[in-house]
Amino acid sequence: MTDRTAPSALQTGIVQLRDVTEAIRVRIRNPAKLRNLELFLLVIAWVIAGGAMVLVQLGALQRVDLFPLQLAAGLGILTLALHIALRIVAREADAIILPVATVLNGLGIAMIYRIDIAEGVTGWDAASMRQITWTGIALVVAIAAIVVVRNHRVLARYRFLAMAIAIILLVLPLVPGIGRTINGATVWIGIGSIVSLQPGELAKIALAIFFAGYLMTARDSLSVVGRKVLGIRFPRLRDLGPILIVWGMCMLVLVFQRDLGTSMLYFGLFLVMIYVATGRRSWMFIGVGLVALGGIAAYFVLGYVQRRIDAWIHAFDQSVYEAQGGSFQIVQGVFGMAHGGLLGTGLGLGRPDITPYANSDYIIPSLGEELGLAGIFAILGLYLILVSRGVRVGFQGPDDFTKLLAVGLAFAIGLQVFIVVGGVTRLIPLTGLTTPFLAAGGSSLLANWLIVALLLRLSDSVRGRGIA
Amino acid sequence: MSELTLIIIRIGFLALLWLFIFIVLYSLRSDLFGPRLTPLQRVAVQNQRSREQAATTAPAAAAAADAPTTVTERAAPAAASAPGAATRVVITSGPRAGLELDLPATGLTIGRSSGAGLQIKDDYTSNNHAKVVRWRDQWMVQDLGSTNGTYVDGKRISEATPVQVGSAVRIGTTTFELRR
C-alpha cells in the first residue's frame with residue numbers, strides 16, 4: 001500500500017472484479033439470518049393482523065366477509081415487498097422493526113374497520129378503506145425511501161433544507177385557502193374537500209434530521225458548562241439561544257395552531273436530542289422549566305388550554321362532563337376501558353363507538369375495551385420494543401449524526417405514544433395527537449412508515465460496516 | 001357460534017399477541033445477555049479460563065517467595081521472549097478470531113473508532129479502548145479509560161501492564177495475544 005505506483009486500468013479492473021466476486025462469496029457464505037428471522041416474524045404478524053380482522057367480523061357481523069380481508073392481504077403483499085427490498089438493499093437491517101410495525105398497523109386497521117361496522121358506514125366513506133389505502137401509499141413510500149436513500153449521512157448535508165421544509169410544513173395550515181381548522185386545531189391542509197393532510201406529522205421527521213445535523217456540529221459548544229446553581233452546572237447564557245428559539249416555535253404552534261400535543265412533541269424531541277448530544281442534565285432542567293413557564297402562561301391566556309386542564313383534573317365533575325368541549329370523551333374512554341377489564345369484551349363485541357373519535361384519537365381506549373388490559377399491555381410492549389430497537393441503533397451508531405437521528409426518530413414515536421396514552425388514561429391533559437400506526441390518519445401513517453424506513457436504513461449502516 | 005368457542009378464540013388471539021412479543025424477545029436474547037458461544041468457542045473460553053487461573057496463581061506464589069527466586073523465575077520467560085521481541089498480534093477469540101496483524105514499532109491503538117489500529121466493533125469496546133505501547137524494550141498494555149476494562153491474563157488492569165508473548169489480553173469479547 002505504501003509504495004504503490006499508479007495502477008494500470010487493467011489492474012484496477014482486476015481489483016474491482018475481485019471485490020465483486022468476494023462480495024458475492026460473502027453473500028453466499030452468510031445466509032441472511034436477520035432477513036429470515038424477519039420473514040418468520042412477518043408471517044406471525046400477518047396471522048395476527050388477519051386474525052384481528054376475522055375476529056372483528058365474527059364478533060360484529062357474525063359472518064366472514066372476504067372483501068376487506070382481500071384488501072388487507074394486498075397490504076400484506078406490500079409488507080412482503082418491503083421485506084424483499086430489504087433483502088436486496090439493506091441486508092443487515094434490524095429484523096424486528098418491520099414485523100412490529102406491521103402488527104400495530106394491522107391491529108389499527110381492524111379496530112377502525114370495527115368502528116365503521118358499528119357506525120354503519122361503507123365504501124369510501126369508511127375510515128377503514130381510507131386507512132387501508134393510506135397504508136398502501138405509506139408502504140410504497142417507505143420502499144422508495146429505503147431504495148433511494150442508500151447512505152443516510154447524506155441527510156446531514158441537507159439539514160438546513162430539512163429545517164426549511166419543517167417550517168414550511170408547520171406554516172402551511174395557517175395559509176388561507178388550503179388551511180383547515182378541524183375541532184379547533186388548525187393543523188390540517190386540504191384542497192377542496194377531498195384530501196386533508198396533517199403536515200405537522202411529516203414535519204417531525206424533517207425536524208429530527210435538522211436537530212441531528214445541527215447538534216452534530218454544535219454539541220461541543222453546547223456542552224461547555226457555565227455557572228453552578230443549586231448543585232447543577234448550567235450552560236453558558238449565550239448558548240441558550242437555540243433552545244429558546246425552539247421553545248418560541250413550539251409556543252407559536254400552541255397559540256396559532258391551537259395544538260397542545262404537537263408543540264409538546266416538538267419540544268420534547270429537541271430536549272431529548274440536546275440531552276443525548278451533550279450528556280448534560282442541566283438541559284433537562286432548563287427544558288422542563290421552560291415547559292412549566294409556557295404551560296402556566298398558556299393556562300391563563302388560552303381558553304382551550306384551560307378547558308383541557310379542567311377536563312383532565314375535574315373529569316368526573318358533572319358540570320365539566322356536560323360542558324361543550326368538556327370531559328365527556330375522556331370519561332367515556334375511561335368507562336370503555338373499565339368495561340373491557342382484564343381480557344376485554346372480545347373484538348367486535350364491545351361498544352367502543354360510543355366515545356367520540358373512537359377510531360383516531362381514542363383508538364387506544366377502543367382497543368382497551370375489546371382486548372382488555374392484556375391487549376393494551378401487549379400493544380404498549382410492541383411500542384417499547386420498537387422504540388428500544390431505535391435507541392439501540394443509536395447506541396451502536398458509528399457517528400454523531402447516526403446516533404442522534406436514530407434516538408430522535410425512535411423517541412418521537414415513544415413520546416407520541418406517551419402523550420396519547422397518558423392523555424386517555426388521565427395521567428396528563430388530553431391532547432389531540434395520533435397514536436403511531438394505530439390511529440386513523442394518512443399523514444400519520446406516512447410519517448411513521450418513513451420513520452421505519454429511516455430506522456431500517458440506519459440499522460443497516462450500523463451493522464453493515466463489515467467489521468466484527 | 002357458541003359462547004365457549006368465542007371465548008376460546010378471544011383468549012387465543014391475546015395469547016397469539018403475547019406469543020409474538022415473546023418470540024421477539026427470545027430472538028433479542030443475544031442483545032440482552034451477550035452473544036451465545038458455539039461449542040468450539042466454549043471450549044476455547046474454558047481453556048483460557050484454566051490458563052488464566054494458572055497465570056493468576058503463579059505470580060501470587062512467586063510474590064510470596066523470596067526476592068531472588070522471583071527474579072530467576074521472572075527472568076526465565078523474559079529471556080525466552082527476548083524483550084520486545086513480539087512482532088505480531090493474533091486474535092484468538094471473539095468476532096475477528098484468527099486475524100493476525102503486524103505490531104508496529106510505534107504501538108497499536110485498539111478501540112471501536114475507525115481511527116484505531118485494531119478496530120473491534122462490539123458493544124463492550126469503547127471508542128478508544130486501550131493501546132499497546134513499547135516502553136523500555138517491553139510491550140505494555142495501557143487502558144485508555146474504557147468502560148468495560150482491559151484484562152491481562154484475566155485480571156483487570158488499572159495502569160500500564162507489561163505483556164509477555166503468549167499471555168491473553170481480553171477486550172470485551174475479543175482476546176488477543178502477542179506473538180513473535
Side-chain angles (χ1 to χ4, degrees), chain A residues 33-34 36-38 40-45 47-49 51-52 54-56 58-59 62-63 94-97 99-100 102-103 107 110 342-349 370-382 384-386 388-389 392 395-396 398-399 462-463 465-468, chain B residues 1-32 35-36 91 93-99 101-102 104 110-127 129 147 171-174 176:
Chain A
K33 260 191 206 161
L34 283 170
N36 292 344
L37 171 65
E38 183 177 76
F40 171 64
L41 291 174
L42 205 51
V43 169
I44 305 177
V47 172
I48 292 174
V54 172
L55 278 180
V56 161
L58 285 180
Q62 279 86 37
R63 64 185 164 81
D94 193 284
I96 311 293
I97 294 174
V100 169
T102 306
V103 169
L107 284 177
L342 198 60
L343 294 174
T345 57
L347 281 170
L349 298 169
E370 303 214 323
L371 293 176
L373 192 68
I376 281 296
F377 273 19
I379 289 168
L380 292 179
L382 290 172
L384 183 63
I385 290 168
L386 195 63
S388 72
R389 294 318 291 166
R392 167 136 187 112
F395 175 64
Q396 286 181 312
D399 54 89
V462 166
R463 298 209 194 177
R465 302 227 311 157
I467 300 159
Chain B
M1 201 173 290
S2 77
E3 192 82 347
L4 185 67
T5 31
L6 219 53
I7 288 174
I8 291 172
I9 293 174
R10 213 174 82 194
I11 292 172
F13 181 75
L14 286 175
L16 182 66
L17 209 53
W18 279 102
L19 182 73
F20 177 76
I21 289 179
F22 283 115
I23 291 173
V24 167
L25 289 181
Y26 181 72
S27 60
L28 290 177
R29 69 195 179 284
S30 75
D31 271 8
L32 300 171
R36 206 170 48 152
I91 298 182
S93 75
R96 298 183 80 185
L99 182 84
L101 47 116
D102 290 330
I110 301 156
R112 204 166 56 169
S113 82
S114 51
L118 169 59
Q119 194 184 15
I120 302 175
K121 285 204 58 85
D122 65 22
D123 301 336
Y124 311 98
T125 311
S126 300
N127 277 338
H129 196 107
T147 313
I171 285 172
T173 54
T174 300
F176 66 87

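This one's a predicted model, so the numbers in the text were calculated from it and none came from an experiment. Note on naming: letters A, B, ... go to the chains in the order of the sequence lines (proteins, then strands), and numbering restarts at 1 for each one.
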Nearest non-hydrogen partners of L17(B) and A378(A), listed with the distance: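 For L17(B) versus A378(A), the nearest heavy atoms are CD2-CB, 3.7 Å.
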
Minimum heavy-atom distance L347(A)-F13(B), with the two atoms named: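 Taking L347(A) first and F13(B) second, the nearest heavy atoms are CD1-CE2, 4.0 Å.
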
Audit row: F20(B), L382(A), side-chain contact (heavy atoms from CB on, under 4.5 Å) steps and yes/no: CA-CA 9 Å; F20(B) 177 76; L382(A) 290 172; 3.7 Å; yes

Reported CD-to-CZ distance for the pair Q396(A) and R112(B), which is rounded to 0.5 angstrom: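 One gets 8.0 Å once the value is rounded to the nearest 0.5 Å.
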
Residue I11(B) versus chain A: region with a heavy atom under 4.5 Å: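 Side chain only.
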
Tell me, for [X] versus chain B, whether the close heavy atoms (under 4.5 Å) come from the side chain, the backbone, both or neither.
X       : result
I96(A)  : side chain
I385(A) : side chain
V103(A) : side chain
L41(A)  : both
F40(A)  : side chain

Validation row: L343(A), I7(B) side chains within 4.5 angstrom (heavy atoms):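 No, side chains not in contact.
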
Test item: I44(A) and L19(B) side chains (from C-beta on) under 4.5 Å apart, heavy atoms: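 When only atoms from C-beta onward are counted, L19(B) and I44(A) do not touch, as no gap falls below 4.5 Å.
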
